[in-house]
Amino acid sequence: MITKRMYYATVDGGEQEYLVNLTQETGSCFKMNIDGREYVVDFAMAGNNVYSIIVNGKSLSMEIDENGDIFDVLMDNGDSFSIEVLDEMKRLMKMRHSAGLEGRQVIEAQMPGYIWKILVEKGQEVKAGEPLMILVAMKMENEIKAPKDGIVEDLFIELDQTVATGDRLAVVE
Amino acid sequence: MITKRMYYATVDGGEQEYLVNLTQETGSCFKMNIDGREYVVDFAMAGNNVYSIIVNGKSLSMEIDENGDIFDVLMDNGDSFSIEVLDEMKRLMKMRHSAGLEGRQVIEAQMPGYIWKILVEKGQEVKAGEPLMILVAMKMENEIKAPKDGIVEDLFIELDQTVATGDRLAVVE
Amino acid sequence: MADIKKVLVANRGEIAIRVFRTCRKMGIGTVAIYTHADRLAPHVRYADEAYCVTDDASDTSYLKEDKILALAKELGAAIHPGYGFYAENAGFVKKCEDMGITFIGPKAEHIILMGSKTGAREAMVKAGVPIVPGTDIIKDIEKAKAEAKKVGYPIMLKAVHGGGGKGMRLVKDESEFESSYRMASSEAQNAFGNGDMYIEKFIIEPHHVEVQVLGDSHGNALHLFERECSIQRRHQKVIEEAPSPFINDDTRAKMYEVAVKAVKAIGYESAGTLEFIVGADQNFYFLEMNTRLQVEHPVTELITGVDIVRQMIFVAEGKPLSYKQDEIKKDGHAIECRVYAEDPSNNFAPSPGLITVYDSPEGPNVRVDSGAYAGFEVPLYYDPMIAKVCCVSRTRDGAIRSMKRILSEYRIMGIKTSIPFHQRVLENETFLAGNYDTAFIDTKFDMEDMQRKLNEDVDMPILAAAIKQLLSEKAAAARSVTRRDVGESTWKKFGRLTSFGSKLG
Amino acid sequence: MADIKKVLVANRGEIAIRVFRTCRKMGIGTVAIYTHADRLAPHVRYADEAYCVTDDASDTSYLKEDKILALAKELGAAIHPGYGFYAENAGFVKKCEDMGITFIGPKAEHIILMGSKTGAREAMVKAGVPIVPGTDIIKDIEKAKAEAKKVGYPIMLKAVHGGGGKGMRLVKDESEFESSYRMASSEAQNAFGNGDMYIEKFIIEPHHVEVQVLGDSHGNALHLFERECSIQRRHQKVIEEAPSPFINDDTRAKMYEVAVKAVKAIGYESAGTLEFIVGADQNFYFLEMNTRLQVEHPVTELITGVDIVRQMIFVAEGKPLSYKQDEIKKDGHAIECRVYAEDPSNNFAPSPGLITVYDSPEGPNVRVDSGAYAGFEVPLYYDPMIAKVCCVSRTRDGAIRSMKRILSEYRIMGIKTSIPFHQRVLENETFLAGNYDTAFIDTKFDMEDMQRKLNEDVDMPILAAAIKQLLSEKAAAARSVTRRDVGESTWKKFGRLTSFGSKLG
């Protein structure tokens, strides 16, 4: 069964958009076209999230970490790329969403750790950049700062609580 | 929740039976009694099928490969033990079954490989030890022999077929 | 002193395993301690015996002096402290002595002596080790000027009670002296309520170079050459090499000589390190002495073939060192990269978590000391260093090439690591030239270096990401149609085999 | 000859990676070839470029001479043959020469010369290398008796057209000669239709010792000391060491001398090995010369620090060897254990399949060359050797202790490996004494050794198995109640992360 897709890719949050046309010929063989550049790709999984990719004889080993539509690609030489891959519909949704962004800010943990100190209370007024709490991860303190001027509308955490990446910590309105 | 079990264990297919009384106290803590010898065991998984076991301060690292009721245990020093663990009911069933064993013999592949040569035909008379076929695995030929005198009642394989461990190869009746 | 039959390492992770490896080779029994949080750390199952030192999961501290000492006493084990925790803790060593427990490390008196900045300086001056030239409190400006001339410009004016850069002034020549003195002193007066100042020589392009030493109870002292440790980030060493690419043979010889003299002068036992600051002019001055096994000791082991832990055990047993100085040969060049669980592309944010893939580099001339494995969850509570990867080659250039090869093979997934950072440093021209100083990361290597790609072509990562996206979409579609397994591929089988979830309930 | 910019390795698995590692360090591009069955073998993604040489999955052979040569020609790559496949294939080397492809190995003429048993013997005799004493076809019994006396009893009577042990007789002294001759000759006549016999010296307690040599196109020749390879199973070497624990320094010196003389005499280029049989009396005789890189070359690299592949590349480029003989130093003792995918507790039955856990040993003084990783399915079609694990130490005793430590850390699951076999050999008294000969596995080590436990206590494995049984029963019960995930443990998360099945469809 041949599968075809058209995607828009952006690299490391940059502006430039790459148009990708992709055809899956057999299980591991793909034909690609990136902004007019043609590739034949043999794509194989060689261990957990480790991929062996052969493109016109060039052999690459990549680690790929998938988070929704963002793919963090780490090459053997240490180069890393964060690639967002969207189809037409997702791309349109994203463009609409980013136009309407503002107001209520939900602060999420950027790394796992535990809450060592809480420096504000619910309802308190804060300035942008003011520390709200201190998250400790691996013996290092990380200040979690207010992203904007506003009121601390909500605090989702307690003292000494362990949090995971992406957990909601607070809301500043 | 405390869980209790009583098992009969045998080692490396030997005759001696060990009576094991086992109580799971918490997730990782177990109390054991083997033929009257008491142990407190902290049992934890430390990677895929690798276990860290601490018994009265003694720390052991074991690899355990589970096949039905048989557990192949490999210690770091290279010692390996094949332990069969049966509850009362399975033990009774096994004793009944082994009493009635004879006659029709199903031959199974003991290793993965492919069938390089088939030396007998269906219906042919064979003597015990007579080669029935040759299984090639990793450049080495392995003769599959008749387990007893009899007739080749069935052949389940074809030339060049790849077989996995446990696949049925033939029946000698 | 009796032979050591068992060693308890009052530490965790890679350094515990490193000590255990030598013990295992020597036929000495090994005892691990662990916290609830570290139950699955690899040092626990590496040891012959393992004991939990915490009462419940909420306590993550290894600092359980009474429990550790009682355990060692009961088991008849000697204690090796590793680095950190109880290393360089004289009180702990004294308690060992009181309880008749063999401590594998220096004597309490030397830990105390070297723990005091003034005591250490005095002892070193007495032993003929150069220290950074300077003065006592300045009482008289003219006298101070004369002394500054003797020390040699540029000099640093420092507040006696200062800190954090306040009350400090760099003085390039005598014409600036008076005004600088007045400003710095008044700044110090305002900041610390005390305007006393002293003079110290300013070291231009400072290098951190250290000499590994060994001493025994028979008065023998050895040096094992030097290590260059100038590549530091936030005062953390990140790359070390042996020998130093910077100092010349004359400096080297002098440094070894004073180091051995110092060890003999104070009667130091076990392994230790004399840290020196070396200026662009090759003059070197004593900074401090570390009375412990250093993190970076493997580079020294790689160029000498000496197992430093083994020698520490001999010394603790009261035996003499196994080598005479002329039997210690330096062969080749070694580099160590410290691998931290942190994200170099996100300002080195800590990255604890579950390691899903762990492929150790293989092949020639590599040594990895790690405390990690696939399936291990790097805990939040401890040092983020998860591995040290070292290599050795005939030349520095060969070692750098080897390290690149080795890092390209080192695959750790599930968490972020500093491996890409090391790969960038290994491409940096100042590093390659070997004349970096302690300001390297701040002045010669920046985040732009970090973000710079070796290969700018984005098509390869884009095509990989696009294929992954397609496959994920197909997999999601397949899942929504049926939850039953359709067919049985090898990968599925592997997936099942590695699916711990259902097994441990 | 031009510098080599790219190397195609006409081989697979660990030896392909081993050559690539040197190339990567030297900045030389790398090209892998693979079959459909080997698409996921690690050498494929280790290389900069990779090309499939088979047309479909049913073809598993790497012997695709035309494709490989055309590929090398097109890419401008030199060819390294590894061992096996096209190593020691003079026809292949000639084609390389004809097509202007650099072959990293000896010249065709030397492969041909050493490939012929009689040619090799003649060349060696000419170069002054001792060969096993013997005679031509026996025509006259009395004359033969005189010659046997000269050779020295015991002797072997061998049928010229013999094989498989038929027509062979061991003769201990002259009194047995005539009857033995008559019996053997008539046996040979019946078996092979020809009763011609010859005499060969019988070597008591034969050791297999080989000398690594290097030669270049400038007439330079070097030896890199010897390897002891007497531990063999079914004529497969399984453990090698350098230096030999058996031969004395006098023998050593003589062996090196004749080896270098032989290389010079024939003008041999690149890496090669002279294999000798050494008797209990330390007399040694030439067996054959291997005109390739040997599997066991790492032990030599470990005690000399010489990268043999690097030297092979230099020689192929027409450069001289980088060393003079007196620059080659022997330092320490190295051991290699070959790890096969086979089940030692089941009569070494092959054990291909999916590797679910692969933990490489870390720490000091270890070198692993493998062609495996977690998630790799060891194919049925190729050599069952998946890794070579080597260690080096100052003494043989230290190397053995290190190897035990290293093997205890080497964890490969999903398939059975020969690691437990090596662990047993390392406990064997004859092995430890170092005076084993080629009959070691048959006479000094048996399956009872293999089955014998180091620790007879069965309670520990029983309690582990019983707990696993309980946990499996509980997991099965939980599955039958509900198929939904109940809670989310770390293990579950890992299980999901490692569950490939759903991702690749």
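Reminder, nothing fancy here: chain letters follow the sequence lines and each chain counts from 1. Bear in mind that the values here come from a model prediction, so they are computed numbers and not experimental data.
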Q: Short question: side chain of B:Thr23, backbone of B:Glu25 - any donor-acceptor pair under 3.5 Å?
A: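 Judged by distance alone, no pair lies under 3.5 Å.
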Q: Hey, does the side chain of D:Asn11 reach the backbone of D:Pro81 with a donor-acceptor pair shorter than 3.5 angstrom?
A: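 Here the side-chain-to-backbone pair exists.
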Q: Tell me, for B:Phe30 versus chain D, whether the close heavy atoms (under 4.5 Å) come from the side chain, the backbone, both or neither.
A: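 Just the side chain, heavy atoms under 4.5 Å.
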Q: Please rank D:Asn455, D:Asp343, D:Asn346, D:Ile419 by heavy-atom pairs under 4.5 Å with chain B and give me the top one.
A: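 It is D:Asn455.
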Q: D:Ile462 versus chain B, heavy atoms under 4.5 Å apart: side chain, backbone, both or neither?
A: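 Answer is both: backbone and side chain atoms of D:Ile462 are under 4.5 Å from chain B.
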Q: With a 4.5 Å cut-off on heavy-atom pairs, point out which of B:Val20, B:Val55, B:Thr165 contacts chain D the most.
A: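 It is B:Val55.
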Q: Does D:Lys453 make a cation-pi contact with B:Phe81 (under 6.0 Å, within 45 degrees of the axis)?
A: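 Satisfied, under 6.0 Å and within 45°.
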Q: Which one wins on heavy-atom pair count under 4.5 Å against chain B: D:Ala341, D:Ala464, D:Ala349?
A: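 Option with the top pair count is D:Ala464.
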Q: Between B:Thr162 and chain D, with a heavy-atom cut-off of 4.5 Å, which part of the residue counts as in contact: side chain, backbone, both or neither?
A: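 Side chain of B:Thr162 only, per the 4.5 Å heavy-atom cut-off to chain D.
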Q: Can you say whether B:Ile70 sits under 4.5 Å from chain D via the side chain, the backbone, both, or neither, judging by heavy atoms?
A: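 Contact with chain D involves no heavy atom of B:Ile70 at all.
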Q: Is chain D contacted by the side chain of B:Val73, its backbone, both, or neither, given a heavy-atom distance below 4.5 Å?
A: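 It is the side chain, since no backbone atom gets that close.
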Q: Heavy-atom cut-off 4.5 Å, strictly under: side chain, backbone, both or neither for D:Arg405 against chain B?
A: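 Contact with chain B is absent: no heavy atom of D:Arg405 under 4.5 Å.
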Q: Please tell me if the side chains of B:Ile134 and B:Ile144 come closer than 4.5 Å, counting only heavy atoms from C-beta onward.
A: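 B:Ile134 vs B:Ile144: side chains apart.
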Q: Nearest 0.5 Å please: distance from the CG atom of B:Leu60 over to the CG atom of B:Asn77.
A: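 One gets 9.5 Å once the value is rounded to the nearest 0.5 Å.
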Q: Pick whichever of D:His422, D:Arg452, D:Met460, D:Arg411 has the most heavy-atom pairs under 4.5 Å with chain B.
A: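 Heavy-atom pair counts peak at D:Arg411.
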Q: Does any heavy atom of chain D fall under 4.5 Å from the side chain of B:Ile64, the backbone, both, or neither of them?
A: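 Both the backbone and the side chain of B:Ile64 come within 4.5 Å of chain D.
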Q: Do D:Asp369 side-chain atoms and D:Glu14 backbone N/O form a donor-acceptor pair below 3.5 Å?
A: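 The answer is no, because no donor-acceptor pair under 3.5 Å joins these two groups.
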Q: Counting only heavy atoms closer than 4.5 Å, note whether B:Asp69 contacts chain D via side chain, backbone, both or neither.
A: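 Both backbone and side chain.
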Q: Please check if the side chain of D:Tyr382 supplies one atom and the backbone of D:Thr60 the other of a donor-acceptor pair under 3.5 Å.
A: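 It does hold such a pair.
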Q: Using a 4.5 angstrom heavy-atom cutoff, name the option from D:Ile467, D:Leu426, D:Val458 with the most pairs to chain B.
A: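 Of the options given, most contacts go to D:Ile467.
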Q: Tell me whether the guanidinium CZ or amine NZ of B:Arg168 lies under 6.0 angstrom from the six-membered ring centre of B:Phe156 and within 45° of its axis.
A: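 The answer is yes; both the distance and angle limits are met.
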